[in-house]
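See structure below.
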Protein chains: 2
Amino acid sequence: MEPIPDVAEPDAAIDPTSPLPKYAQLRRILIGLLDGGGFPPGTPLPSEQELCRRYGVSRMTVRQTLDLLAGEGRLLRRPGKGTFASHGRRHPSLGPLALVTGVRRREPHLDFVRLEHRTADSGSGTRVHLLTRVLRADGEPVAVERGCVPVALVPELPARMWDGLSLTQILVAAFGMVFEPAEQSVVAVLPSAPDARLLDMRPGSPALLLRQRGTRRWTRGTEVTVLARADRFQVRFVRPPERLTAPTTPL
Amino acid sequence: MEPIPDVAEPDAAIDPTSPLPKYAQLRRILIGLLDGGGFPPGTPLPSEQELCRRYGVSRMTVRQTLDLLAGEGRLLRRPGKGTFASHGRRHPSLGPLALVTGVRRREPHLDFVRLEHRTADSGSGTRVHLLTRVLRADGEPVAVERGCVPVALVPELPARMWDGLSLTQILVAAFGMVFEPAEQSVVAVLPSAPDARLLDMRPGSPALLLRQRGTRRWTRGTEVTVLARADRFQVRFVRPPERLTAPTTPL
DNA sequence: AAGTGGTCTAGACCACGAG
DNA sequence: TCGTGGTCTAGACCACTTT
């Protein structure tokens, strides 16, 4: 189990010997280009054919990458027209969770406060990073983020834990982590007493529990959970619509 | 644009001349088997190879179907082991929306009240079904469901509008409708005054707006929206976890 | 007509889990 | 070792949009 190489350069190429499958490598490259401003929202990406040529992979592999990114809300596919960089992605995404901002005029200031930061032995004897952080919105605690990442996969994780990004974002953008779609879930729960205190919640108030797990060889053992105050979050499924018009007017 | 044939028989076969793509036909067959009790939760499905033989399609097509169903939470894929019927699916699903039931010991009694039920001319001149229903939980209105379905696709829709199933369920199970993953969204909105009255909500209370659209040739023009009281619903992303251990107490 | 993404095929090799 | 699902290839034809 070799560690995953760090970050993708702008002109990165696909490495056939990497532990990351080709589609995940290509995904990381494209995310780097999207986040780096290479493709502003609305901009068309190179065609599938062109991506095949440029990165030396087959069309099915390119499509696996593009479908994955479209499912994550980062790309928009239009038959007959092309694939386009999507709008949105303004806040640090917590996966399918996004902060409720609609009610407020001003975007809240977000930061993470580290509570725990160590390595430990997982049950199966593998060394893992254990991380616990509290997400604050304008200084008010709104979510607890917990992460478990095998050291063998991502040795230098702590160095990249800058405090404006969610762990999910870091793992995805920097290391190409892919969470199987079927291994993501959001459910309503009652937080434990310590967690409720961390989030300054009244006993009995509901929370949303997001859970993401990696089950592939190259993601195995990775798990991220986010416990979020239900009154401060909404779940964004896939992606927000282009524009919200007449939300309740029949078609 | 031929109408989509109705319902799939247990021993249905793939029709290469159908307007539905093969993967969508196979999906409808498997949904019929799953809903009909052919594969109780936890039961392994036939292997991909076996499905290829049985339905005469290639493995990539079978995988497209199984991946789609897994993404919808109906199947569980386990490398090296097999594909299994998933648990869950107890309530009428509204797509990614599921009624919050955790707060209550007892499952609420659900039914739909029809408000509108007619055909009209869509903007582009195609005839469409227009449907409006109110979902009630124990008699209390909790969501407004609106549907627009081209008559050419599904001529006999009203006959199938039995009142315990959501429109999404009907379209998916009976007609094999597929909503592109990237065309589903859930956002928080403020309902219009009439809708707020329908749902017995106080002004200013938030609601969740689910929107599903079909953009393929064989789903084109189909749109389902569900406006749901935010205090009565949660969003279930993909599927609930097998069992909830650790950080918090499940509801 | 040309180029795009959507569907589909028939192979291949691999990692995984179980006997 | 064997059967499973995961990844990947190199083609093909189609529907869609624009020129």
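In what follows, every chain begins at residue 1, and chains take the letters A, B, ... in the order their sequences are listed. This structure is a prediction, so every number in the text was calculated from the model and none was measured.
What separates CG of B:Leu69 from C1' of D:dG5 is a distance of 16 Å, to the nearest Å. If you measure from atom CD1 of B:Ile14 to atom P of C:dC8, you get 9 Å, rounded to the nearest angstrom. Per the geometry, CD belonging to A:Gln25 stands 13 Å off P belonging to D:dT7, to the nearest Å. Taking atom CZ on B:Phe84 and atom P on D:dG3, their separation rounds to 16 Å, with Å as the unit. Atom pair B:Asp67:CG and D:dT4:C1' shows a separation of 14 Å (rounding to whole Å applied). For the pair A:Glu48 CD and D:dC16 P, the computed distance is 17 Å after rounding to whole Å.
Nearest nucleotide to the side chain of B:Lys22, out of C:dG6, D:dT7, C:dC8: C:dC8.
Between B:Gly82 and A:Pro21, the residue anchored closer to the 5' end of DNA chain D is B:Gly82, taking for each the nucleotide with the nearest heavy atom. Between A:Ala24 and B:Glu50, the residue whose closest nucleotide on DNA chain D is further toward the 5' end is B:Glu50.
Between A:Thr222 and A:Leu171 the shortest side-chain heavy-atom distance falls below 4.5 Å. Counting only heavy atoms from C-beta outward, the side chains of B:Asp35 and B:Arg74 approach each other to under 4.5 Å.
In this structure, A:Thr83 does not reach the C:dT4 phosphate: none of its side-chain N or O atoms is under 4.0 Å from OP1 or OP2. The side chain of B:Thr61 contributes an N or O atom lying less than 4.0 Å from OP1 or OP2 of C:dT9. For the pair B:Tyr23 and C:dT7, the criterion of a side-chain N or O lying under 4.0 Å from OP1 or OP2 is met. OP1 or OP2 of C:dG6 has at least one side-chain nitrogen or oxygen of A:Arg77 nearer than 4.0 Å. At the phosphate of D:dG5, neither OP1 nor OP2 sits under 4.0 Å from any side-chain N or O atom of B:Arg63.
Between the side chain of A:Arg27 and the main chain of A:Met177, a donor-acceptor pair closer than 3.5 Å is present. Within the 3.5 Å criterion, the main-chain N or O of B:Arg146 finds no donor-acceptor partner in the side chain of B:Thr132. With hydrogens and angles disregarded, a donor-acceptor distance shorter than 3.5 Å links the side chain of A:Arg28 to the backbone of A:Ala174. A:Gln25 places no side-chain N or O within donor-acceptor distance of the main-chain N or O of A:Ile14, the cut-off being under 3.5 Å.
Looking at residues two or more places apart in sequence or on another chain, you find a side-chain hydrogen bond (donor to acceptor under 3.5 Å, both in side chains) between A:Glu50 and A:Arg53, A:Arg54.
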Scoring nucleotides 10-19 of chain C by protein non-hydrogen atoms under 4.0 Å (B base, S sugar-phosphate only, - none) yields B-B--SBSS-

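A:Gln64 comes within 4.0 angstrom of the backbone, heavy atoms only, and of no base.
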